[in-house]
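In what follows, a single structure is set out as structure tokens and then discussed.
For ligands, and for the atoms within them, numbers begin at 1 and follow the listed sequence. For reference, positions follow the sequence shown, starting with 1.
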Amino acid sequence: MKYVELSDTPHELSNFDKSGHTCVVIDILRATTTIQAALAAGALSVWACGELETALKLKRDQPDLVLAGERGGIRPKGFDLGNSPLEFIPKLVSGQTVVLTTTNGTRALAACFGAKRVLTGCYLNAGAILKLLVIEGGPCFLACAGHEGTASAEDRLFAGFLASELDSLGFQIGEKARIAAEEWMANLTLPLEDRLFGCPHGQALCQLGFASDVRFAAQWDTSVRVPQFTLAAGQNIWVGI
Ligand code: MLT
């Protein structure tokens, strides 16, 4: 069934029956943009985990892993990289496995447990995500990461873009997805970059010195790759390729 609905937070998503659904995890600033950048730079895979301790233990056990992520937007002590997509350059990640732990994005992945398929989306792979959802033609959830349990404007914007496109392509649109689509359509003349800078999280990243990350996240269709994540057996680690 061609149907799309949206959830604003991992908690909201965990209340839905996701069996038979494709979930598209959306954390524009910055986790899903960073995952896209890491794979584009040649990382073999991205292992996403919600807990800092899990990530540190993986690194202790396998020192070759590239340990990346943030808490409060900042690279935690002992990590190789932060969560800035611009840090993921071929010299540092090509041919490597990246372990990524972030405040909200990796938790949104965990909330997809039980879905038929789990993908990550951002503006960098917008067209490819859309094409894949249309080809699949099945029900899907736009799983926004949000920010510490509340909705994030930049995630809703991207979900709204996808929902409005899917609407015009014959999908049934859930109530929340329809509102997000209207929000997306309401300000189409404003450049995407300005829309992202106008979001509270965009402003917070500027204050932390990451304005270039916001600019990076506002690029359309730099990649046709759609990362797909599966849960590693018996562990709380989502492996994306
Ligand atoms: C998150 O997962 O919470 C974000 O990607 C935070 C950030 O690094 O901006």
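- A centroid separation of 6.0 Å or more is found between the aromatic rings of Y3 and F171.
- Applying the 4.0 Å criterion to heavy atoms of E70 picks out, from ligand 1, the atoms 1 (C), 2 (O), 3 (O), 4 (C), 6 (C), 7 (C), 8 (O).
- Listed by number with element, the atoms of ligand 1 under 4.0 Å from a non-hydrogen atom of L205 are 9 (O).
- The aromatic rings of H147 and H201 sit tilted, their planes meeting at an angle between 30° and 60°.
- Near N104, meaning under 4.0 Å from any of its heavy atoms, are these atoms of ligand 1: 1 (C), 2 (O), 3 (O).
- Heavy atoms of N83 found under 4.0 angstrom from ligand 1 belong exclusively to the side chain.
- Contacts of R30 with ligand 1, taken as heavy-atom pairs under 4.0 Å, involve both backbone and side chain.
- Geometrically, ligand 1 and G105 share a nitrogen or oxygen pair separated by less than 3.5 Å.
- At a heavy-atom cutoff of 4.0 Å, ligand 1 is contacted by no atom of H147, backbone or side chain.
- Aromatic rings of W238 and F113 (six-membered ring for Trp) have centroids beyond the 6.0 Å cut-off, not under it.
- Interatomic distance, CD1 of I179 versus CD1 of I173, reported as 12.5 Å (0.5 Å rounding).
- Not a single heavy atom of E148 sits less than 4.0 Å from an atom of ligand 1.
- Aromatic ring pairs are classed by plane angle as parallel below 30°, tilted from 30° to 60° and perpendicular above 60°; the pair Y123 and W220 is perpendicular.
- Neither the backbone nor the side chain of T106 comes within contact range of ligand 1; no heavy atom lies under 4.0 Å.
- Under the side-chain hydrogen bond (donor to acceptor under 3.5 Å, both in side chains) test applied with T22, the options K116, Q228, E136 reduce to a single match, E136.
- Inspection of the T101 and R71 side chains reveals an N or O donor paired with an N or O acceptor under 3.5 Å.
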